[in-house]
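Model, not experiment: these values are computed from the prediction.
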Amino acid sequence: MNTSTLLRKWFGRLRFKSKVIAVFMPLLILSLLVLGLLSSHVFSKSLIDRTTRNVENESKLILSRTDYILSSTETAADIMVTNINRLYESFPAPLLTPLEQNRFANLMQSRLSTDLSIFKEADAAVFVSRDNRIYTSYTSDRDESGLLASGMLERVKDAESYGTDHWFEMEQRDFLTPDPASPVLTLGKMVINIDTGDTYGTLFLLVQEDRLSADLQSGDPASPKAYYFVDHSMRIASAADKDSLLKPVNEKMAAALEHKAGDEGGRNQSFSYQEDGNLITVSPFDRMDWKLVHVVSLKLLTADVSENVRLTFLIGALCLVFSWLGANLLSRMVVSPLEQLTRAMRKVVSGDLNPVAPVRTEDEIGTIAEAFNYMVERVQELLQKITQEQNRKREFELALISAQIKPHFLYNTLDTIYVLNELDRNEEARDTTKALADFYRMVLNKGRELIILEKEAQITDDYLAIMQIRYPDVFRYELDIPAELAGTPIPKLSLQPLVENAIYHGLKTKGTKGFISIQAFVRDGSVVVRVEDNGIGMESAQVEAIMSGHSPEEDTRSIGTYSVQQRLHLYFGPGYGLSVQSRPGEGTVVELVLPMLGKGGGITDV
């Protein structure tokens with residue numbers, strides 16, 4: 001199918017109003033759109049090129065300032081090495097008495113502090129003697145012994161020789177720093193006896209990150225710029241935004257930095273690129289193998305250009321509005337009846353079977369509207385008929401499940417009565433027979449499926465009395481139905497399957513005598529009947545299987561509980577039903593939620 005055929009089909013599916021707009025709108029705004037886009041493109045490119053040049057110049061100033069700070073720190077280290085040599089000459093080793101050691105420590109701290117007052121680019125100094133004594137330029141009650149286990153001393157000794165400086169990466173730590181909350185850049189340098197070549201120890205100079213980031217603010221406060229240093233492991237080593245410090249840059253930027261640096265012929269050249277709506281400029285800092293990254297939002301940078309584009313689109317939108325008004329005028333006169341019929345059909349497609357298409361004419365459109373209205377009416381009748389048939393089917397299926405459960409209880413009870421007579425326990429046999437008769441008298445209930453809660457409680461009481469005779473050492477029970485809730489309607493045999501599950505699956509295998517509690521109360525405008533036992537309980541997977549009616553191991557329990565749940569939904573709606581909460585070893589709580597109605601709800605007592 002060629003393009004012209006597809007275009008004709010698309011145009012043919014448009015409404016009349018849309019066809020008018022589709023024809024006239026391009027003619028009205030095409031020239032304005034082209035002019036706006038071309039001018040914005042040229043202006044944007046000019047702004048980006050000028051901003052890139054400005055950023056490169058500003059980056060050079062920042063790199064120069066940073067290089068000066070590090071160079072001054074290295075110079076300070078050289079002078080401190082000389083001063084430490086002189087201090088050791090005045091205190092020949094070893095320092096035997098505590099008094100000598102204390103005096104030496106005070107002089108060392110004073111010497112370090114004095115040197116730092118001259119070279120203000122370094123924030124702190126630490127000297128570690130060869131016998132692992134630590135002398136700091138700052139006063140701190142923190143334990144600095146973490147330095148000895150950090151491996152920093154070994155790295156300086158292994159990597160450096162006399163006169164060589166070793167810079168550690170920016171890091172945040174709780175030792176070897178005057179402020180644990182502030183990341184620091186550390187310079188390590190071996191201190192050697194100038195005359196003998198013996199090692200006195202290791203000198204560390206600390207430069208706090210704040211000193212570097214002070215120069216990373218944009219020179220133009222009104223310009224939305226952001227500078228930060230990225231180290232060789234793609235972490236942010238210094239930035240004005242303290243929340244991003246020592247965190248890795250995103251994977252996209254890390255890949256771009258490596259790739260772009262390779263494209264430009266190495267790591268010693270500046271380059272720029274655009275990504276995610278930002279203009280990113282990268283300048284290398286070879287002394288630390290860092291990169292100075294500058295990010296500026298293209299959206300804010302080209303705000304004036306965007307304003308020009310918005311003005312162009314505004315004019316085009318006004319043209320579109322005028323076209324739409326003209327199309328509406330034509331559609332009301334020509335195709336308004338068809339649009340009304342179309343809206344009614346779309347509502348039916350979305351599931352609303354109530355719309356009626358107005359019939360205002362006697363032409364072909366009126367005939368279609370009449371046929372549509374008749375069709376919707378017939379669909380509603382068929383859906384109602386199907387719903388009624390499905391409800392009756394569910395009643396029959398649930399009645400069949402109930403009928404399958406009742407004979408099981410009947411022959412077990414008759415067998416119990418027979419055994420009681422054989423054991424000459426005639427009074428118990430009589431009570432069991434009476435309870436069985438009362439049970440089935442209430443269950444039959446003249447074929448009614450809904451009874452009042454009071455009668456359902458009597459059925460459950462008769463059942464529990466029979467089961468207690470059969471299993472006297474298994475459980476005891478308590479039944480509490482307030483008089484004001486006795487008339488609440490409930491599907492017949494809703495409680496009996498639940499207490500049967502409690503006995504057979506919760507208490508019978510427990511090993512000790514258990515307890516079943518049945519009580520009714522009001523909660524949130526509904527009647528809640530709670531059946532609780534202290535049996536062996538269930539895992540959450542068992543509860544889910546029972547509630548879904550697909551329990552692979554305990555079919556009886558699943559069928560009974562599922563039957564109660566479905567019947568509550570059938571008679572009272574999806575807002576009512578039962579819930580099961582259980583914990584292994586603690587017991588199970590089942591709650592039936594029923595509607596709160598008047599006594600009996602129109603149900604005749606048995």
Going by salt bridge (charged side-chain N to carboxylate O under 4.0 Å, His left out), name the residues that satisfy it together with Arg523, two or more places apart in sequence or in a different chain. Glu591
For Met538 versus Pro584, what's the shortest heavy-atom pair and its separation? O-CD, 3.3 Å
With side chains defined as the heavy atoms from C-beta onward, is the minimum distance between Leu203 and Leu112 less than 4.5 Å? yes
For Leu61, which residues count as a side-chain contact (heavy atoms from CB on, under 4.5 Å) partner, sequence neighbours excluded? none
Could you tell me whether the side chain of Gln542 and the main chain of Glu539 form a donor-acceptor pair under 3.5 Å? yes
What I want to find out is whether Glu58 reaches Arg53 closely enough, with some N-O distance under 4.0 Å, to be called a salt bridge. no
Measure the shortest side-chain to side-chain distance between Leu185 and Met288 over non-hydrogen atoms and say whether it is less than 4.5 angstrom. yes
Would the number of heavy atoms belonging to other residues, nucleotides or ligands and lying under 6.0 Å from CZ of Arg583 be above 12? no
To the nearest 0.5 Å, what is the distance between OH (Tyr576) and CG (Leu594)? 9.0 Å
Under a 3.5 Å threshold, yes or no: a donor from one side chain and an acceptor from the other, between Arg111 and Ser137? no
Heavy-atom nearest pair, Ala125 first then Leu116, reads N-CD1, 3.6 Å
Evaluate Tyr200 against Asn193 for side chain to side chain donor-acceptor pair (under 3.5 Å), listing each step before the verdict. CA-CA 6 Å; Tyr200 283 140; Asn193 187 318; 2.6 Å; yes
Any donor-acceptor N/O pair, Ser244 side chain to Asp241 backbone, under 3.5 Å: yes
Do Phe521 and Pro482 touch side chain to side chain, with heavy atoms closer than 4.5 Å? no
Ignoring hydrogens and geometry, is there a side-chain-to-backbone donor-acceptor pair from Thr588 to Asp533 under 3.5 Å? no
Distance only, no hydrogens: is a donor on one side chain within 3.5 Å (strictly under) of an acceptor on the other, for Ser526 and Asp524? no
What's the separation between atom CZ in Phe475 and atom CG in Leu464, rounded to the nearest 0.5 Å? 5.5 Å
Shortest non-hydrogen contact from Ile481 toward Ala520: CD1-CB, 3.8 Å
Is the side chain of Lys120 donor-acceptor paired with the backbone N or O of Ser117 at a distance under 3.5 Å, no angle test? yes
Do Thr73 and Arg211 have a side chain donor and acceptor closer than 3.5 Å? no
Side chain Gln172, main chain Ala181, donor-acceptor under 3.5 Å: yes
If you count the non-hydrogen atoms of other residues, nucleotides and ligands that lie under 6.0 Å from CZ in Arg103, is the total more than 12? no
Hey, can you tell me if Phe168 and His166 have their rings parallel, tilted or perpendicular (30° and 60° cut-offs)? perpendicular
Is Arg287 close to Ser71 at the side-chain level, that is, under 4.5 Å between some pair of heavy atoms? yes
Student check: side-chain heavy atoms of Asp198 and Arg130 closer than 4.5 Å: yes
So, are Glu209 and Lys242 salt-bridged, with charged N and O less than 4.0 Å apart? yes
Backbone N or O of Phe285 within a donor-acceptor pair of the Asp289 side chain at under 3.5 Å? no
Without swapping roles, check the side chain of Ser72 against the backbone of Ile69 for a donor-acceptor pair under 3.5 Å. no
One should read off an interatomic distance between Asp165 CG and Asp78 CG, to the nearest 0.5 angstrom, of 6.0 Å
Taking Lys513 first and then Asp473, would you say they form a salt bridge - that is, a charged N and a carboxylate O separated by under 4.0 Å? no
With no hydrogens and no angle check, do the side chains of Ser238 and Ser213 hold a donor and an acceptor under 3.5 Å apart? no
Without swapping roles, check the side chain of Asn501 against the backbone of Pro497 for a donor-acceptor pair under 3.5 Å. yes
Mind checking the CG-CG spacing from Leu292 to Leu63? Nearest 0.5 Å is all I need. 5.0 Å
For Asn132 and Val128, indicate whether the former's side chain and the latter's backbone hold a donor-acceptor pair under 3.5 Å. no
Identified side-chain contact (heavy atoms from CB on, under 4.5 Å) counterpart of Ile280 within the set Val55, Val296, Val295: Val295
Considering non-hydrogen atoms only, spot the tightest contact between Pro178 and Gln208 and give its length. CG-NE2, 3.6 Å
Check whether any side-chain heavy atom of Val81 lies under 4.5 Å from a side-chain heavy atom of Lys189, and answer yes or no. yes
Looking at Glu532, I want to see if its CD is surrounded by more than 12 non-hydrogen atoms of other residues, nucleotides or ligands under 6.0 Å. yes
Side chain to side chain donor-acceptor pair (under 3.5 Å) involving Asn250 - partner list, sequence neighbours excluded: none
Hits for side-chain contact (heavy atoms from CB on, under 4.5 Å) against Asp231, two or more places apart or cross-chain, chain-then-number order -> Glu169, Ser233, Arg235, Ala237, Trp290
Got a sec, which residues hit side-chain contact (heavy atoms from CB on, under 4.5 Å) with Thr202, two or more places apart in sequence or on another chain? Leu153, Val156, Lys157, Met190, Phe204
To the nearest 0.5 Å, how far apart are CD1 in Ile503 and CD in Gln468? 9.0 Å
Straight-line distance of Leu578 CG to Leu592 CG, nearest 0.5 Å: 5.0 Å
Side chain of Thr199, backbone of Gly201: donor and acceptor closer than 3.5 Å? no
The criterion is side chain to side chain donor-acceptor pair (under 3.5 Å); which residues satisfy it with Tyr471, sequence neighbours excluded? Lys508
Measure across Ile236 and Ala239 and return the closest heavy-atom pair with its distance rounded to 0.1 Å. CG2-CB, 3.8 Å
Would you call Val593 and Val529 a side-chain contact if the rule is heavy atoms closer than 4.5 Å? no
Might you confirm whether atom CD of Glu251 has over 12 heavy atoms from other residues, nucleotides or ligands at distances under 6.0 Å? no
If I compare all heavy atoms of Ala124 with all of Tyr138, which pair ends up nearest, and what's the gap? CB-CD2, 3.7 Å
Should Met596 and Val522 count as side-chain neighbours, where that means a heavy-atom distance under 4.5 Å? yes
